[in-house]
Amino acid sequence: MKERSFHLELSEKHYSPEKVEQAVYDMWLRADCFTADVSSQKPPYSIVIPPPNVTGRLHMGHALNNTLQDVLCRYKRMCGFDVLWVPGTDHAGISTQSVVKKHLDAEGIDYRSLGREQVIERIWKWKEKYGDQILLQLRRLGASCDWTRTRFTMDDGLSRAVRTLFKRFYDEDLIYRGKYIVNWCPVDRTALSDDEVETKDGGEPGHLWHFRYPFSDGSGYVEIATTRPETMFGDTAIAVNPKDERFQALVGRSVTLPLVGREIPIIADDYVDPEFGTGCVKITPAHDPNDFQLGLRHNLLQVNVMNEDATMNDEVPEEFRGLDRYVARKRVVAAMEKQGLLVQIEDRNIPVGRSYRSKAVIEYRLSDQWFVRMRPLAERALEASQAGKVTFYPERWDSFYQSWLGKIRDWCISRQIWWGHRIPAWYHVDTGEILVDVETPERVSAEPEKWVQDEDVLDTWFSSALWPYSTLGWPEETPELKRYYPTSVLVTAKDIIFFWVARMVMTGLYNLNEVPFHKVLINSIITDEDGETMSKSKGNGIDPLHVIDGATREDLEGPVREARPTNMETILKRVSERFPDGFSGVGADAMRYTLLTSATDAQQVGVSFKRFDEVGRPLTNKLWNASKLALSMLEDSDGVSPAEPELSDRWILARLDLCTRRVRDAFDTYGIHHAADGLYHFFWDDICDWYLEIAKLRRKTGTEAEKARIALTLSEVFLGYLRLLHPIMPFITEELWGRFFDCASQKNLFSFAKELKDHPLCIRAPFPEDQRRHEEISLEEFELFQDIVRSVRNMRAKANVSFKTALSLQLLTGNPEVEGQIRSMKDLLCQMLNLSACDFVQSRPEGNAVTVLPKVEVFANLFDFIDVEAERKRTEGSLQKLEKQIAGLEQKLANQQFVSGAPKSVVDAEREKLQMALETREKLRDALGELKSLN
RNA sequence: GGGCGUUUAGCUCAGUUGGUAGAGCGCCAGCCUUACAAGCUGGAUGUCAGAGGUUCAAGUCCUCUAACGCCCACCA
């Protein structure tokens, strides 16, 4: 398929991404650029996207994460791989259910009254309508996913995969059901795994209440301390440390639980810390995980005193029933005080667990849950990791991951919600027999009234754990599974290494005997410019679409107003000061470049609108303008056979090869910011500042053959550079590629690269190879030219003589080879520096401004304009610096240990340096002498 | 309590196997030089957090210390 439409006119002075990006992406889709070919002869390369929540909106973390994947995919595609990047979304159980619940609330409908079936139906409708939003947003980034293979964790195939694994686990006793104390979110009314609970460092302000519990025989009291008085109704023992001499006599006696009247024993257990509180602990097995374990050891009663919503249940005395846990807490304290059983209240920070989702303080609750036995699975994962089968980039995450695997605990996988994969277990209503199967068992279908299916659904991460192969068709043995599993690399964030990465490795090994990926690239966390993580509640998030498309001031203020942070007014003021007229969009290319160049190995990276504006935007604009110039030069070339390459041509092509090498190396080792950095400097410093400047001069005065030579070089440089840059900036490079390619074809400027085929760049242009031209030519020769140019510019600036005044230059070098080299650049020097003369001399001429370069002394007739005193000071300064260097070098070379200990090459290099420094010193002394003689 | 990260120019950060420090922004000076003023040219700027060690040689490797940040664990 061929397309020849360009989207931005060459007369445009500035690059306008909005006129290009959308159109280019549509072109890619029409040309079917991103669809993998399972029957291809090319080697496969595959990545599965970390599936965003269906409820999600694109944020900066996604932008970085997906840009990295896109860079790798585009790079590999250009390198000749059959690339499959699987996109998709996660059903995100609790999140999605609560989004839809909110909609229902708004309609005044209680979701419970609708019932399970209807709620699920509503959620599916919502999903069909809004669930693709985030995938559409990914296209704006340029993501080259294979959209024909978009998956959703609750698709039929993926759901079947989930049930299949559940059954396998169950049959092999890796899944079990048990009464257990779990983290319970009273808002979402569901169990949470340990990983879903977050605890603030240092705890939160609370109290430690000291109570007296009277001995049953009326002989006195035991004093206990608790942070949670409302749980005392569930106390079934008092525990002391067996070694604690104070209390040894108490063990075996009993106390009467106040307010309740139950008699409970005093027992001894090592768990109790004699130093803390009073040394006596009330034990509440149904409401504390430690107490639960202790209760099992001592066969204690488990008394649950709360309902699902953390109100007090009927186990408690009547006056407390139905009260919220915090109301109950106050009443309990008051009641204890009234009975004279309250001793004191200590203020103290206490650890408080909160749901990572609802932020509600979690409750510990005793209930029937399903668990995965993690140890055997983790052991295999750990072995694979230690054998180097899974390695992280940066590698520090290896040990982080391994240490977690080492201390893993069983995983509670049941969730008491409706949206998700329903647990494929059926219970017989009379016998309690349990059937687990992939599809509804026949015995259940035969006697439906005798069986009930488990009401719970699986933790969302259970289905995510299968993602790298369920998306490829597992448990069916599809061609895709065979070809693309294991995937090539996983790109994700460090905060889901446990939730997701580890579990994928475990189930992958279990189901397919092979890790799902050998490499895991952990990308940095994006923060705002103050280093704060971006979040809705802080209102400091930057919407990637605002960066791409631009935003009005109101758009920018929106998230802040919504979050209502305490310093809202300050932030709003800052917004209106910085962006009185809003933010003008920089396009996806500029955003991608900014993110990639910022995202180094550091754990976090700060971004801001300003940064996108200052880092990415200028580069796209410069690329646009340089391309315009280059294209006009290609147009100018007139079919004559080109002149032989001169120094500047050989130099820029050598630099292109060096850049190619660096970029390939960076992509291959996931050091993508190095690639971004190298591409920036090659383009700006080498192409724009030197080659194009030279080409402009040559165009003015050069012959037709010389112009043709420049066009040829430019054609190669740009057609190479655009390909190198494409993985990072796909849109603008695609747009320009078409223009350069067409132009080069017309002008027959392809002698260097027969392999270039056509548009679109993203699938038809191979990634450049390093042709090692840097090994064939001496880069130093051109650097000498650059040094001379800079030195003259510098002298001009010092003398405050404008470019318009022509200068006469005299050069002194004792080296005939150097003189020859400079002669060949002479006319270029004259043009570039506006010289009326450029001659060689045999001895230093008096009365000139001078710059001492290592290979040559440059004299310019600027003496009359020079501030002699300032020049003298400057020369003295450099001389001093040089003296210091010489002293250092001499000392080093006098050191016998250095001369014999260091490699010869290093010693020789130091000798050469010293030699050069000594020569330069002489020249500087001469120059200084002349300056001084004037005073 | 355990683990990890960071500390380099005014700011944000590079610095790839040890060989005397770099970029962008900002700042100062001069330029509308026919691709780009969203630009060009030139300039100033550092006890590489501190202390010790290994080495001929340390921003880089080792030990300790400090400040900041993150993660895990939790004594009721």
Side-chain angles (χ1 to χ4, degrees), chain A residues 10 13-15 194-195 198-199 201 203 208-209 224-228 231 239 271-284 288-291 348 350-351 353 394 396-397 399-400 403-404 407 494-495 497-498 525 527 529 531 533 584 586 597-598 600-608 610-611 613-615 617-633 662 665-666 669 671 673-674 677 680-681 685 688-689 692-693 696 790 793-798 800 802-804 834 884-885 888-889 892 895-903 905-907 909-910:
Chain A
L10 282 178
K13 208 168 181 183
H14 299 302
Y15 179 63
D194 289 342
D195 296 314
E198 46 192 39
T199 316
D201 263 355
L208 193 57
W209 285 271
I224 58 96
T226 179
T227 57
R228 306 204 44 206
T231 63
Y271 157 71
V272 180
D273 176 2
E275 304 294 316
F276 190 87
T278 62
C280 300
V281 190
K282 73 190 214 30
I283 300 300
T284 324
D288 181 277
N290 289 311
D291 292 7
R348 134 189 313 271
I350 52 171
R396 77 179 99 96
W397 298 110
S399 59
F400 179 72
S403 73
W404 183 78
K407 56 188 178 198
K494 68 131 196 271
D495 47 340
I497 289 177
F498 305 149
I525 302 285
T527 69
E529 54 198 320
T533 51
S584 129
V586 302
T597 196
S598 310
T600 59
D601 286 355
Q603 279 196 27
Q604 59 175 53
V605 45
V607 300
S608 60
K610 186 164 165 264
R611 211 172 147 77
D613 216 27
E614 288 176 351
V615 177
R617 190 207 302 269
L619 182 58
T620 50
N621 191 52
K622 185 91 170 167
L623 181 59
W624 172 248
N625 277 290
S627 297
K628 272 163 50 185
L629 176 63
L631 281 166
S632 75
M633 292 183 183
R662 183 168 179 200
D665 197 50
T669 56
H673 67 285
H674 288 125
D677 191 55
Y680 178 93
H681 286 289
D685 301 348
C688 293
D689 289 353
L692 282 175
E693 289 304 321
K696 275 181 355 192
R790 287 196 195 100
R793 283 176 179 162
N794 178 276
M795 285 188 281
R796 255 191 212 286
K798 295 274 157 60
N800 204 16
S802 94
F803 181 81
K804 286 172 184 152
N834 190 17
K884 232 170 147 183
Q885 199 196 342
L889 286 166
K892 210 171 182 181
N895 182 342
Q896 199 49 44
Q897 280 167 310
F898 170 70
V899 177
S900 55
S905 61
V906 174
V907 178
E910 298 296 285

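The chains referred to below are lettered A, B, ... by the order of the sequence lines, with proteins before strands, and numbering in each begins at 1. Because the structure is a prediction, the values reported are computed rather than measured.
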If a protein heavy atom is under 4.0 Å from the base, mark B; if only from the sugar-phosphate, S; if neither, -; do that for nucleotides 52-63 of chain B going 5' to 3'.
----B-------
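For the C1' atoms, the distance from B:rG43 to B:rG26 is 14 Å, rounded to whole Å. Taking atom C1' in both B:rA51 and B:rA67, the straight-line distance is 15 Å, to the nearest Å. The P atoms of B:rC48 and B:rG42 are separated by 28 Å, rounded to the nearest whole Å. Look at the C1' atom in both B:rC27 and B:rU33: the space between them is 24 Å, to the nearest Å. For the C1' atoms, the distance linking B:rU8 with B:rU20 amounts to 15 Å, nearest Å. Across B:rA21 and B:rA9, the matching C1' atoms stand 10 Å from one another, rounded to whole Å. Atom C1' of B:rG46 sits at a distance of 33 Å from the matching atom of B:rG3, rounded to the whole Å. Here, B:rA37 and B:rC25 have their P atoms 16 Å apart, quoted to the whole Å.
Rounding to the nearest 0.5 Å gives a distance of 11.5 Å between CG of A:Leu629 and CG of A:Leu10. The CH2 atom of A:Trp404 lies 10.5 Å from the CD1 atom of A:Ile497; values are rounded to the nearest 0.5 Å.
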Output one line per pair: protein atom, nucleotide atom from nucleotides 23-26 of chain B, and distance, for all N/O pairs under 3.5 Å.
from	atom 1	to	atom 2	distance (Å)
B:rA23	O2'	A:His681	NE2	3.4

At a cut-off of 3.5 Å, list every protein nitrogen or oxygen paired with a nitrogen or oxygen from nucleotides 68-71 of chain B, distance to 0.1 Å.
none

N/O contacts under 3.5 Å, protein versus nucleotides 44-49 of chain B?
none

Close N/O contacts between protein and nucleotides 39-42 of chain B (under 3.5 Å):
from	atom 1	to	atom 2	distance (Å)
B:rG39	O3'	A:Lys622	NZ	3.1
B:rC40	OP1	A:Lys622	NZ	2.8
B:rC40	OP1	A:Trp684	NE1	2.7
B:rG42	O3'	A:Asn794	ND2	3.0

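Under the 4.5 Å side-chain criterion, counting only non-hydrogen atoms from C-beta, A:Ile350 is not in contact with A:Arg228. Side-chain atoms of A:Thr231 and A:Lys282, non-hydrogen and from C-beta on, do get closer than 4.5 Å to each other.
Regarding contacts with the backbone of B:rA37, a side-chain N or O of A:Lys13 is found under 4.0 angstrom from either OP1 or OP2.
One can place CG of A:Leu10 at 13 Å from P of B:rA35, the figure rounded to the nearest angstrom. Taking atom CD1 of A:Ile350 as the reference point, atom C1' of B:rC74 lies 12 Å away to the nearest angstrom. Whole-Å rounding puts the A:Phe803 CZ to B:rU33 P distance at 12 Å. One can place CZ of A:Arg228 at 15 Å from C1' of B:rC74, the figure rounded to the nearest angstrom. Atom-to-atom, NZ of A:Lys696 to C1' of B:rU34 comes out at 8 Å; the value is rounded to the nearest Å. Atom CG of A:Asn800 and atom C1' of B:rC28 are 14 Å apart (whole Å). What separates CD1 of A:Ile497 from C1' of B:rC72 is a distance of 13 Å, to the nearest Å. Counting to the nearest Å, the C1' atom of B:rG1 and the CD atom of A:Glu275 are 16 Å from each other.
Side chain to side chain, A:Lys892 and A:Asn895 fail the donor-acceptor criterion of an N or O pair below 3.5 Å.
Residue contacts for A:Gly606: at a heavy-atom cut-off of 4.0 Å it reaches no nucleic acid atom on any strand shown. In this structure, A:Gly353 reaches neither bases nor backbone, as no heavy-atom distance under 4.0 Å exists between it and the strands shown.
Judged by distance alone, the side chain of A:Asn621 and the main-chain N or O of A:His14 form no donor-acceptor pair under 3.5 Å. Between the A:Asp677 side chain and the A:His673 main chain, no donor and acceptor come within less than 3.5 Å of each other.
In terms of position along RNA chain B, the nucleotide closest to A:Gly888 lies nearer the 5' end than the nucleotide closest to the other residue of the pair A:Gly888 and A:Gly279. A residue-by-residue look at A:Gln885 and A:Ser627 shows that A:Gln885 has its nearest nucleotide of RNA chain B further toward the 5' end.
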Between A:Leu619 and A:Trp624, is a side chain to side chain contact (heavy atoms under 4.5 Å, CB included) present by the stated rule, with each step listed?
CA-CA 8 Å; A:Leu619 182 58; A:Trp624 172 248; over 6 Å; no
Dot-bracket assigned to RNA chain B with the 3.5 Å Watson-Crick/G-U criterion, [ ] for crossing and | for other-strand pairs, is (((((((..((((.....[..)))).(((((.......))))).....(((((..]....))))))))))))....
